[in-house]
There are 2 protein chains.
Amino acid sequence: MLNCLSGTNCVCLKMTNILVEPHIDEAEDFIRRGIQKHNVLLIVGNCCVEYEGRASSKLEPGERIVIIKEDGALLIHRSTGYEPVNWMPGGNVVYHVRTIKSKEENSRDRISVNWQPPDCIFHVQMEDKMLKIHAVRRKPTESVKVFFDKFHMVSVLSLVDSGEFALYATEEDMQKAILAEPSLVEEEFKPISYERKVEPGFVDVYGMDKEGNLVVVEIKRKTAGNEAVLQLAKYVDAIRENTNRDVRGILVAPNIAKGVQTLLATIKLEFKALSPRKCAKILEKSRTRKLESFFKEK
Amino acid sequence: MLNCLSGTNCVCLKMTNILVEPHIDEAEDFIRRGIQKHNVLLIVGNCCVEYEGRASSKLEPGERIVIIKEDGALLIHRSTGYEPVNWMPGGNVVYHVRTIKSKEENSRDRISVNWQPPDCIFHVQMEDKMLKIHAVRRKPTESVKVFFDKFHMVSVLSLVDSGEFALYATEEDMQKAILAEPSLVEEEFKPISYERKVEPGFVDVYGMDKEGNLVVVEIKRKTAGNEAVLQLAKYVDAIRENTNRDVRGILVAPNIAKGVQTLLATIKLEFKALSPRKCAKILEKSRTRKLESFFKEK
DNA sequence: GAGTGGATTTCGCAT
DNA sequence: ATGCGAAGTCCACTC
């Protein structure tokens, strides 16, 4: 389990890939291999930093946390502050994953991964008895050099993280915001009712545009997918049949899933982006007002 | 040196304060004490995150790096990307350090530190067999909850870091920028000649203002201090004597040290702020040009 | 404390 | 590729 490579304070846990208080030579090897494997590197040590590119900067020696991510992003953090003191945004890492079907009956399919290098590339080498990690990027042309003379911890991580991240306001918040500020949906949009019962269920907001057309608004708090479009289409069709009038359908959501946009256009429905931030701002102003009051006023 | 508290994979290095693959109970104690001591915490583990405030967000489970800094800044980083997926900017930590003079002859002065809590406060507790780290902030009101069910590494760091950070454009960059765009110094400023740097750190440019007065420009790539003002004053005085004409002196730098501004005004010199960013932008258009070429054109 | 503008802004979506 | 606008922008400075 433990594999103490050398030195009195050095500990290497192979399974977790952590070096504690390593000699600089061990750290060098460890870091180089970590970068080659495109893992996440987590480094704590005494270093100075030079940046050259869109501007220039120099950071005198001190103990910092350095993170190198799978996409080549480089972050250098001090003991305070939200922002990194130095950094390099690394992007455009594309993993082309291709499944190669096995010809054997009970054999697993192979997976071929073509890895495309990130915008940001790294060079690791000793210089003046210090370990230099040099990150270079084209477009814009810039470079960050980190010089270590002491490592407290070096860790190579394979972070397993497929968890979805969703940013949203609650659907009720979005509804409130739209009723308080109908122009969020469209200029001169006039809400008539909300949570109106229609055949298949309830319409989120129901109103009229400046031409006098009926408008059905469907609200989704997160990225709108196919099901949101179909739901809206159902309401629009139902109201068209009931009223025998022109009815527009507008899908309001923070954003819309790739490809769903074309489906939406095909059946002549519309999309209006509405960010959670904007909803929160609108609600700030009318926090105390009750949902019902919006209509009593009119 | 090694102190394996429990579990097969757990290692605790007291001196470096690192827990590797700890049980959740150990991690809890460790993290709570780390936060109380206002140290930097470095955590790697499986977690999900909920944010509520200016907007709302939910991050499904996955392995991430979590950093809590001395000022209460909270960063949650995934395996890619420059930006944290969730965060809390922690600021306003003020250490009031007061030196209490010792009355004894050969005794050290005492230092009294009044610590003012950061805007962001933390609560650590078990919830549903997970460790919840709850960060709360007022103004704006927001909260981040991180739920851990597995820790790979927990580290409490006392980062010793007094290294100065300086952001600047090189003096040549700033010189080029001014020659390319003289209005950076002043409207209708006309450069006449430039002088290569005499002492490290600054370069002079000679020119004329729209009134026909001679203008001496001193460039500092970093925050201008007293010495910059005195250097400029020396130049201005020398040229006044030589030419027997009115000479203005303008100090160009990213910014000026506190208090130096008044000194500058006292001896009737001027200051013009010029950010490295602005220089970089100007130079974007004329990156390859030699310094001399700015005059050949005219 | 609120408002304003800059940033080594970054990031995403449009053309 | 390029350009434009939003961001849980952050951050520093002014009023």
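In what follows, every chain begins at residue 1, and chains take the letters A, B, ... in the order their sequences are listed. Remember, predicted model here, so these are calculated numbers, not experimental data. Just so it is clear, the values below take in all heavy atoms, side chains as well, and ignore hydrogens, waters and symmetry mates.
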Checklist entry - To the nearest Å, how far apart are B:K69 NZ and D:dC10 C1'? => result 13 Å

Next on the checklist: If I take atom CG from residue B:L251 and atom CD1 from residue B:I219, how far apart are they, to the nearest 0.5 angstrom?
Outcome noted: 10.0 Å

Next on the checklist: Give me the distance, rounded to whole Å, that separates D:dG8 from D:dC4 when you measure between the P atoms they each carry.
Outcome noted: 22 Å

Checklist entry - Just how far, in rounded Å, is C1' of D:dC10 from CD of B:E142? => result 12 Å

Would you mind writing out the side-chain donor-acceptor pairs for residues 79-88 of chain B within the sub-3.5 Å range, not counting sequence neighbours?
residue: B:N86; atom: ND2; partner: B:S57; partner atom: OG; Å: 3.2

Item to check | Rounded interatomic separation in angstrom, taking CG from A:L283 and P from D:dG8 | outcome: 16 Å

Next on the checklist: Looking at D:dA7, I'd like to know if its phosphate oxygens (OP1 or OP2) sit under 4.0 Å from a side-chain N or O belonging to A:S275.
Outcome noted: yes

Checklist entry - Rounded to the nearest Å, what distance is computed from the CZ atom of residue B:F271 to the P atom of nucleotide D:dC13? => result 11 Å

Checklist entry - A:K210 and A:E187: salt bridge (charged side-chain N to carboxylate O under 4.0 Å, His left out), yes or no, with the steps? => result CA-CA 8 Å; A:K210 61 180 170 186; A:E187 203 51 53; over 6 Å; no

Next on the checklist: Is there a side-chain contact between A:R54 and the phosphate of C:dG6, meaning an N or O under 4.0 Å from OP1 or OP2?
Outcome noted: no

Next on the checklist: Check A:K272 with A:E186, please: is the shortest side-chain N to carboxylate O separation under 4.0 Å?
Outcome noted: no

Checklist entry - Between atom CD1 of A:I65 and atom SG of A:C47, what is the distance when rounded to the nearest 0.5 Å? => result 10.5 Å

Checklist outcome for this item: Between CD1 of B:I282 and C1' of C:dT8 the distance, given in whole Å, is 16 Å

Item to check | A:E181 and A:K176 ion-paired at < 4.0 Å | outcome: no

What protein N or O atoms touch nucleotides 1-4 of chain D N or O atoms at under 3.5 angstrom, if any, and at what distances?
residue: D:dT2; atom: OP2; partner: A:K139; partner atom: NZ; Å: 3.4

Item to check | Expected output: side-chain A:Y168 to main-chain A:E171 donor-acceptor under 3.5 Å | outcome: no

Next on the checklist: Rounded at 0.5 Å granularity, tell me how far CG in A:L157 sits from CD in B:E63.
Outcome noted: 8.5 Å

Item to check | Inter-residue atom distance B:E127.CD - B:I133.CD1, 0.5 Å rounding | outcome: 12.5 Å

For nucleotides 11-15 of chain C, print each protein N/O atom paired with a nucleotide N/O atom at under 3.5 Å, atom names and distance only.
residue: C:dC11; atom: OP1; partner: B:Y82; partner atom: N; Å: 3.3

Checklist entry - Taking CG from A:L274 and P from D:dA7, how many angstroms apart are they, rounded to a whole number? => result 10 Å

Next on the checklist: From NZ of A:K281 over to C1' of D:dA6, roughly how many Å is that when rounded to an integer?
Outcome noted: 10 Å

Next on the checklist: Please report the distance, rounded to the nearest Å, between CZ in A:R137 and P in C:dT10.
Outcome noted: 6 Å

